[in-house]
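Report on the structure given below.
We name chains A, B, ... by the order of the sequence lines, and we start the count at 1 in each one. Everything quoted here is computed from the prediction, not taken from an experiment.
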2 protein chains.
Amino acid sequence: MNAMPMLAAVSAPLQSRRPPALVAANAGIDIERLREHVPVLRRKIKAGQSVYRAGQPFHALYLVHVGCFKTSELSGDGREQVTGFRMRGDLIGVESIGLAAYACDAVALEDGEVWELPYPPVLRALFGLPDMHARFTAAMAEEIRRDRAWMLALGTLSAEQRVSAFLVDIAGRCAALGFSDRHFILRMSRADMANYLALKHETVSRALSHLQEIGCIAVLRREIKMLDAERIVAMASGCASVH
Amino acid sequence: MNAMPMLAAVSAPLQSRRPPALVAANAGIDIERLREHVPVLRRKIKAGQSVYRAGQPFHALYLVHVGCFKTSELSGDGREQVTGFRMRGDLIGVESIGLAAYACDAVALEDGEVWELPYPPVLRALFGLPDMHARFTAAMAEEIRRDRAWMLALGTLSAEQRVSAFLVDIAGRCAALGFSDRHFILRMSRADMANYLALKHETVSRALSHLQEIGCIAVLRREIKMLDAERIVAMASGCASVH
DNA sequence: CGGGCTCTTGATAGGAATCAAGCGGAGTGG
DNA sequence: CCACTCCGCTTGATTCCTATCAAGAGCCCG
């Protein structure tokens with residue numbers, strides 16, 4: 001109906017600008033060094049399959065190597081809350097440390113690969129490596145801060161601002177992995193994105209359409225082009241949105 | 001205007017049913033043992049004063065000994081999000097581990113006392129106590145799970161359900177400290193509570209009034225009596241609320 | 001080529017925010 | 001000790017944003 005600003009043909013939207021770090025552990029954990037002390041199992045996961053599910057016995061952490069995963073919290077009565085999207089270098093399972101069973105689900109959004117870090121061995125290995133252990137602790141603290149930052153966003157931003165903040169977040173993570181932060185493919189459905197942002201998928205869809213209308217982005221299904229990154233950052237930061 | 005079901009005169013609403021544990025560390029950390037290795041400083045904090053503020057150099061964790069504190073996340077543009085209320089036995093400052101400066105504010109809601117645990121010394125001490133260190137790590141994981149649980153609540157519950165869930169949470173914590181879970185005093189203003197629940201204070205006020213109208217609770221300013229705890233738990237769990 | 005799923009868009013409804021006013025407790029100063 | 005003021009709480013009226021309900025288009029897959 002509206003004149004859709006079609007996306008230019010994409011030659012290589014995900015082309016890395018620099019060779020992606022072989023194993024860029026989220027918070028500075030040197031996986032190669034850890035592997036000298038702990039056997040690391042590589043596990044391929046197909047789209048839709050889970051790395052682990054809530055209730056399964058906790059036995060390992062996982063490092064995302066390829067693909068994108070979502071973690072989601074479940075309540076007894078069927079409510080679900082996506083708590084995050086995990087990409088290459090992200091460590092998952094940390095929230096379940098200290099429990100007998102995993103506390104949430106971790107599901108692949110596309111075919112991918114995780115490296116399994118058996119937990120008791122990792123813990124033992126870290127005791128011999130004080131600086132690694134300190135960094136691991138710092139990584140957990142970082143995880144808490146990330147969650148808190150999203151609580152701030154969810155608690156204080158409107159739907160459109162949340163969507164903007166989400167795009168800024170994803171863009172930043174793409175950049176950190178050596179990909180373009182101006183042109184990327186969302187790996188999750190609108191429904192997952194909406195759930196994460198505490199919105200409904202229709203609302204997310206409308207927000208994206210509107211951001212496109214005002215010329216901030218170009219969106220075609222899951223493909224996003226950041227046309228006016230500066231303005232999106234401004235919106236994500238709580239500045240009054242332009243109509 | 002409406003016939004207020006007045007609260008009976010309160011003799012000792014906060015009377016502990018059993019002697020409160022001397023230092024019930026949040027997640028099983030044995031503070032007494034830690035004190036053998038680390039100098040612990042006791043700091044009294046007056047209502048409204050901060051334990052620390054975002055940006056101040058990070059140098060210690062704090063264990064709440066007396067009083068109630070709120071932690072809040074701040075954004076550059078002035079938005080604020082209360083991320084939690086911390087009571088006796090709760091450890092605060094954990095989210096700032098690995099940073100040069102604290103990442104959030106921790107403010108006393110009433111006169112209280114915290115025990116200061118200088119961080120590098122604590123870290124060093126933990127290296128000599130593997131089981132303590134493991135429990136400390138588990139405590140951080142627990143913190144992550146608490147945050148995630150609130151993300152679930154905020155993302156999936158209506159205003160009244162959130163308020164119910166909040167009351168259930170507070171009641172549970174009171175019980176854990178040896179106090180009554182049927183009759184307690186909220187230590188925070190409606191505004192703080194609302195901010196934490198991602199609502200406005202008028203909405204919280206209305207929700208409490210409504211819960212009173214339907215006979216679930218009796219509320220008088222900050223004093224809460226749980227009259228029908230079972231139903232409140234049900235509402236907090238996402239069951240359709242009765243009108 | 002059909003079926004199902006995802007995404008988009010429109011119309012409408014509903015819940016929380018906002019705007020506004022009044023009450024009452026706590027603290028202050030006369 | 002009491003009057004006064006400030007601040008927190010409650011309640012009402014109204015608006016606005018997002019959810020809900022509904023329909024249709026596009027893409028992927030068998």
Strictly below 4.0 Å, N to O, side chains only: are A:R148 and B:E143 in salt-bridge contact? yes
Residue pairs fulfilling salt bridge (Lys or Arg N to Asp or Glu O under 4.0 Å) with at least one residue in residues 45-57 of chain B, sequence neighbours excluded: B:R53-B:D105
For atom CG of B:L186 and atom P of D:dG8, their distance in whole Å: 15 Å
Can you find a pair of side-chain heavy atoms, one from B:V114 and one from B:I45, that are under 4.5 Å apart? yes
Rounded interatomic separation in angstrom, taking CG from A:L208 and C1' from C:dT6: 13 Å
How does each nucleotide of nucleotides 14-21 of chain C score, in 5' to 3' order, for protein heavy atoms under 4.0 Å: base (B), sugar-phosphate only (S), or none (-)? --SSBB--
Taking ring pair (Phe, Tyr, Trp, His ring centres under 6.0 Å) as the cut-off, I'd like each qualifying pair that reaches into residues 70-93 of chain B, sequence neighbours left out, listed once. B:F85-B:F166, B:F85-B:Y196
Atom-pair distance (NE2 on A:H210; P on D:dC17), nearest Å: 11 Å
If you measure from the Lys or Arg side-chain nitrogens to the Asp or Glu carboxylate oxygens, is any gap between B:D181 and B:R173 under 4.0 Å? no
Quick one: A:E110 CD to C:dT6 C1', roughly how many Å, whole number? 17 Å
Salt bridge (charged side-chain N to carboxylate O under 4.0 Å, His left out) involving B:R182 - partner list, sequence neighbours excluded: none
For the helix from C:dC1-D:dG30 to C:dG30-D:dC1, measure the angle between the helix axis at one end and the axis at the other, each built from five pairs, rounding to 10°. 40°
Min side-chain heavy-atom separation A:L211-A:S164 under 4.5 Å: yes
Hey, can you tell me if B:Y62 and B:Y102 have their rings parallel, tilted or perpendicular (30° and 60° cut-offs)? tilted
Using a 4.0 Å cut-off on protein heavy atoms (strictly under), produce a 5'-to-3' string for nucleotides 25-30 of chain D with B for base contact, S for backbone-only sugar-phosphate contact, and - for none. --S---
Salt-bridge test for B:R145 and A:E95: reply yes if a basic N is under 4.0 Å from a carboxylate O, no otherwise. no
Who pairs with B:R206 by side-chain hydrogen bond (donor to acceptor under 3.5 Å, both in side chains), at least two apart in sequence or on another chain? none
Tell me the interatomic distance from B:Q212, atom CD, to D:dT10, atom C1', rounded to whole angstroms. 11 Å
Would a distance-only check, ignoring hydrogens and angles, find a side-chain to backbone donor-acceptor pair under 3.5 Å from A:R162 to A:L157? yes
Partner set under salt bridge (charged side-chain N to carboxylate O under 4.0 Å, His left out) for A:E110, not counting sequence neighbours: A:R187
CG/B:N195 to NZ/B:K70 distance, rounded to the nearest 0.5 angstrom? 7.5 Å
What contact category does A:S189 fall into here, base, sugar-phosphate, or nothing, at under 4.0 angstrom with non-hydrogen atoms? sugar-phosphate
Strictly below 4.0 Å, N to O, side chains only: are B:R79 and B:D77 in salt-bridge contact? yes
In whole angstrom, give the distance that lies between atom CG of A:L109 and atom C1' of C:dT6. 14 Å
Do any of residues 75-86 of chain A sit with a heavy atom less than 4.0 Å from DNA chain D, and if so which? none
Check the distance between D:dC9's P and B:E223's CD and give it to me in whole angstrom. 14 Å
Taking CD from A:E213 and C1' from C:dG10, how many angstroms apart are they, rounded to a whole number? 13 Å
Going by salt bridge (charged side-chain N to carboxylate O under 4.0 Å, His left out), name the residues that satisfy it together with A:E116, two or more places apart in sequence or in a different chain. A:R43
At under 4.0 Å, does any side-chain N or O of B:S209 touch on OP1 or OP2 of D:dT11? yes
side-chain hydrogen bond (donor to acceptor under 3.5 Å, both in side chains) partners for A:S72, two or more places apart: A:E80
Strictly under 3.5 Å: I want the nitrogen or oxygen pairs between protein and nucleotides 4-6 of chain D, one per line.
none

